[in-house]
Amino acid sequence: MEQTFVMVKPDGVRKQLIGDIVSRFERRGYTLRDAKVMTIPRDLAEEHYGEHRDKPFFGDLVQFITSGQVFAMVWEGENVVENARTMMGPTNPKEAAPGSIRGDYATDVGENIIHGSDSPESAEREIALFF
Ligand code: DAT
Ligand code: MG
């Protein structure tokens with residue numbers, strides 16, 4: 001069965017959104033296989049976001065994702081990688097529809113509440129990194 005890596009980012013934890021986000025995935029019928037609260041060390045943040053290493057926002061991204069506790073999860077179910085991305089909404093919350101997680105709670109592309117793997121290959125890589 002397909003699995004994906006989902007993480008409530010420090011802004012989502014600060015806004016007390018862990019329960020809401022877990023509930024959305026449960027109501028959708030997905031199964032939580034693993035989860036933990038953690039503070040991401042700098043080297044893990046740089047590895048996780050390695051594809052963005054050369055982007056101008058990389059420094060701010062690593063600073064932000066290590067700025068507080070996150071809630072890391074493994075969710076399982078049919079087509080969960082793609083459906084989780086749909087539930088999250090687009091990267092830039094300004095483009096995210098109401099009803100999506102980013103559309104409901106985020107305003108800033110740099111602080112957009114939630115991470116979800118963008119492909120089954122990314123999911124496998126990220127689950128191995130975090131769990
Ligand atoms: P996603 O998180 O939707 O997979 P991504 O992988 O392209 O998006 O980027 C990773 C994170 O980097 C994203 O959640 C927020 C940040 N980011 C992306 N594009 C950005 C930009 N143009 N300015 C600032 N931060 C950005
Ligand atoms: Mg991404």
Main chain of V74, side chain of Q3: is a donor-acceptor contact present, judged purely on distance under 3.5 Å?
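Judged by distance alone, no pair lies under 3.5 Å.
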
Tell me whether K36 contacts the main-chain N or O of F130 through its side chain, where contact means a donor paired with an acceptor under 3.5 Å.
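Yes, the answer is positive, given that a donor and an acceptor are paired below the 3.5 Å cut-off.
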
Heavy atoms, side chains only, cut-off 4.5 Å: are [X] and [Y] in contact?
| X | Y | result |
| --- | --- | --- |
| E2 | N83 | no |
| M7 | I65 | yes |
| I40 | H48 | no |

Give, for atom NZ of K15 and atom CD of E111, the distance between the pair rounded to the nearest 0.5 Å.
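Answer for the NZ-CD pair, K15 versus E111, is 7.5 Å.
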
For [X], salt bridge (Lys or Arg N to Asp or Glu O under 4.0 Å) partners two or more places apart:
| X | answer |
| --- | --- |
| E46 | R42 |
| D104 | R24 |
| E124 | none |

Testing the basics here: between [X] and [Y], what is the closest heavy-atom pair and its distance to 0.1 Å?
| X | Y | result |
| --- | --- | --- |
| P90 | R102 | O-CD, 3.2 Å |
| A35 | F131 | N-CE2, 3.9 Å |
| S100 | G103 | OG-N, 3.0 Å |

Not counting sequence neighbours, which residues clear side chain to side chain donor-acceptor pair (under 3.5 Å) with [X]? List them please.
| X | value |
| --- | --- |
| R125 | none |
| H115 | E126 |
| R28 | none |
| E26 | none |

Tracing side-chain links under 4.5 Å among I, L, V, M, F, W and Y, which residues wind up in one group with W75?
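Members other than W75 - counting any ILVMFWY side chain reachable under 4.5 Å - are V6, V8, V13, L17, I18, I21, V22, F25, Y30, L32, V37, F71, M73, V80, M87, M88, I101, Y105, I113, I114.
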
Under the side-chain hydrogen bond (donor to acceptor under 3.5 Å, both in side chains) rule, what pairs show up with a residue in residues 84-95, not counting sequence neighbours?
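Listed by first then second residue: nothing to list.
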
Go through the structure and list residues passing side chain to side chain contact (heavy atoms under 4.5 Å, CB included) with T39, not counting sequence neighbours.
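By the side chain to side chain contact (heavy atoms under 4.5 Å, CB included) rule, T39 matches Q69.
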
Please name all residues satisfying side chain to side chain contact (heavy atoms under 4.5 Å, CB included) with S67, sequence neighbours left out, ordered by chain then number.
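Listed in chain order: P10, R14, F64.
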
Let me check something: do I127 and V81 share a hydrophobic cluster, defined by ILVMFWY side-chain heavy atoms less than 4.5 Å apart, either directly or through other members?
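Different hydrophobic clusters.
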
Let me have the donor-acceptor pairs involving side chains of residues 55-63, under 3.5 Å, with sequence neighbours excluded, atom names and distances please.
from	atom 1	to	atom 2	distance (Å)
K55	NZ	H52	ND1	2.8

